[in-house]
Undergrad: 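Quick one: the structure is below, and I'll ask about it shortly.
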Protein chains: 2
Amino acid sequence: MYSCSDHKSCLSDALYVADKICQKKGLRFTPLRKIILEMIWSNHEPSKAYDILDKLKDVNLSAKPPTVYRTLDFLLENGLIHKLNSLNAYIGCSHPLEHSECFFLFCQECKEIKECCNKELAKAINQTASNNKFQPMNVTLEIQGECQECTDKARL
Amino acid sequence: MYSCSDHKSCLSDALYVADKICQKKGLRFTPLRKIILEMIWSNHEPSKAYDILDKLKDVNLSAKPPTVYRTLDFLLENGLIHKLNSLNAYIGCSHPLEHSECFFLFCQECKEIKECCNKELAKAINQTASNNKFQPMNVTLEIQGECQECTDKARL
DNA sequence: TTTTATTATGTTATAATATAACATTTAAAG
DNA sequence: CTTTAAATGTTATATTATAACATAATAAAA
Ligand SMILES: [Zn+2]
Ligand SMILES: [Zn+2]
Ligand SMILES: [Zn+2]
Ligand SMILES: [Zn+2]
């Protein structure tokens, strides 16, 4: 679906921005944090915690679940990745710090995920919450379905 | 938050509707399915699978995880409950069969959940998907925050 | 520059959530 | 009835995540 023209630059951009953000916030972008972010950005598919752990064991034999979950927490807290609750999986944020009104389209066929932003939609969500006298703090919007490419392929 | 005026009728209505739906669809609303739906409707808070299992053990000593998960699957498949992915919890559907464009407001303070529907919002979501050439099949929209009542209480 | 405090990581154990696979029982259909 | 299908029972295990405490690395203070 997402067919980025040059995924190497997706990856290097993400790492560059993460580094900048950590500098700015006075956070430490340690080798562990960097390698896990790198793994998550290895493609545009969601990453599962224990898959990350398995990969991590290739470079760090003694890696264990807390190693991964703590790092995921760090990356989540600082907006560098998102958690996809309906998949129990994680994906790199495609524009850290810019804003938080993001949602996700994920294709059940090709597994790719697209992070989308839409002010109108964000407004509609806030409006609805407000109609219900509700103060939103954390919004999960995950849309599963099929992308155009996969729909086209299926028709052939 | 939800402060239904008479929860006994929430419960009995839900069971009545479930029964009707099962009849109409030729499904069996077995005692197990009924009691679990009843447990889920015991309040307007999300129910966790293993809490349901514990309660179930009071009436059926040999109950085990598959007992619960299979029943949850049945109730989910037939639209009688919803799963809240961001909580790994389940909640009774407040209007089974009517439509599927629902989303959830849940108050982190009082733990109550409100199922909401809003055609405009549903339209906005579909429009956004469509703008991305994406065919939505399953939408998760969960809004965590604070309800008016809890905000007011905190101010006192 | 040592000392101290803080943050990050290592390690062991276990909690919480969910499913696979196969056996038995119950109900529906023929 | 008898066969078939659906539901439930049962055992085992997979998957996801955290608690609690030990050690190491870095930063801040003295
Ligand atoms: Zn890319
Ligand atoms: Zn696709
Ligand atoms: Zn009620
Ligand atoms: Zn509340």
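From a predicted model like this one, the values you see are computed outputs, not experimental measurements. Every chain is numbered from 1, with letters handed out A, B, ... down the list of sequences.
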Undergrad: Just how large is the angle between the end axes of the helix from C:dT1-D:dA30 to C:dG30-D:dC1, five pairs per end, to 10 degrees?
TA: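 Inter-axis angle at the termini of the helix from C:dT1-D:dA30 to C:dG30-D:dC1: 30°.
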Undergrad: Can you establish whether the number of heavy atoms outside B:K133 located under 6.0 Å from its atom NZ is more than 12?
TA: no
Undergrad: Report yes if the side chains of B:Q144 and B:S86 come closer than 4.5 Å at any heavy-atom pair, otherwise no.
TA: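 Result yes, sub-4.5 Å side-chain heavy-atom pair found.
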Undergrad: Do B:H82 and B:Y90 pass the ring pair (Phe, Tyr, Trp, His ring centres under 6.0 Å) test, and can you show the C-alpha distance, the side-chain angles, and the key distance before you say yes or no?
TA: CA-CA 6 Å; B:H82 297 284; B:Y90 306 82; over 10 Å; no
Undergrad: Atom CG of B:D54 and atom P of C:dA15: how far apart are they, to the nearest Å?
TA: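 Rounded to the whole Å, the gap is 14 Å.
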Undergrad: Mark yes when over 12 heavy atoms from residues, nucleotides or ligands other than A:Q135 sit less than 6.0 Å from its CD; otherwise mark no.
TA: no
Undergrad: Counting heavy atoms not belonging to A:E45, are there more than 12 under 6.0 Å from its CD?
TA: yes
Undergrad: I need the B:E142 CD to B:L87 CG distance, nearest 0.5 Å.
TA: 6.5 Å
Undergrad: I want to check one thing: is the phosphate of C:dA18, taken as OP1 and OP2, less than 4.0 Å away from some side-chain N or O of B:N88?
TA: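 Indeed, a polar side-chain atom of B:N88 lies that close.
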Undergrad: Is B:Y90 touching bases, backbone alone, or none of the nucleic acid, heavy atoms closer than 4.0 Å?
TA: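 Answer is sugar-phosphate: B:Y90 comes under 4.0 Å of backbone atoms only.
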Undergrad: Is there side-chain contact between A:F103 and A:N118, with at least one heavy-atom pair below 4.5 Å?
TA: yes
Undergrad: For A:K153, I'd like to know if atom NZ has over 12 heavy atoms of other residues, nucleotides or ligands within 6.0 Å.
TA: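 No - once you tally the heavy atoms of other residues, nucleotides and ligands closer than 6.0 Å, there are 12 at most.
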Undergrad: What pair of heavy atoms forms the shortest contact from B:C102 to B:E115, and how long is it?
TA: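 Shortest heavy-atom separation between B:C102 and B:E115 comes out as SG-OE2, 3.2 Å.
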Undergrad: May I ask you to verify if any side-chain N or O of B:Y69 is less than 4.0 angstrom from the OP1 or OP2 atom of C:dA18?
TA: yes
Undergrad: Which parts of nucleotides 3-10 of chain C does protein reach within less than 4.0 Å, heavy atoms only, written one letter per nucleotide 5' to 3' as B for base, S for sugar-phosphate only and - for none?
TA: -----SBB
Undergrad: Has B:Y50 got its ring stacked on the base of C:dT17, with centres under 5.5 Å and planes less than 30° apart?
TA: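 Whether judged by distance or by angle, B:Y50 passes, so it stacks on the base of C:dT17.
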Undergrad: So, is B:K48 near the phosphate of C:dT17, with a side-chain N or O under 4.0 Å from OP1 or OP2?
TA: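 It does, given that an N or O in the side chain of B:K48 lies less than 4.0 Å from OP1 or OP2 of C:dT17.
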Undergrad: For residues B:N138 and B:T140, is any side-chain donor paired with an opposing acceptor at under 3.5 Å?
TA: no
Undergrad: Name the first nucleotide and the last nucleotide along DNA chain D (5' to 3') that come under 4.0 Å of a heavy atom in chain B.
TA: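 Extent of the interface on DNA chain D: D:dA7 to D:dT11.
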Undergrad: How about A:L121 and A:L141: do any of their side-chain heavy atoms sit closer than 4.5 Å?
TA: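 Sidechains of A:L141 and A:L121: in contact.
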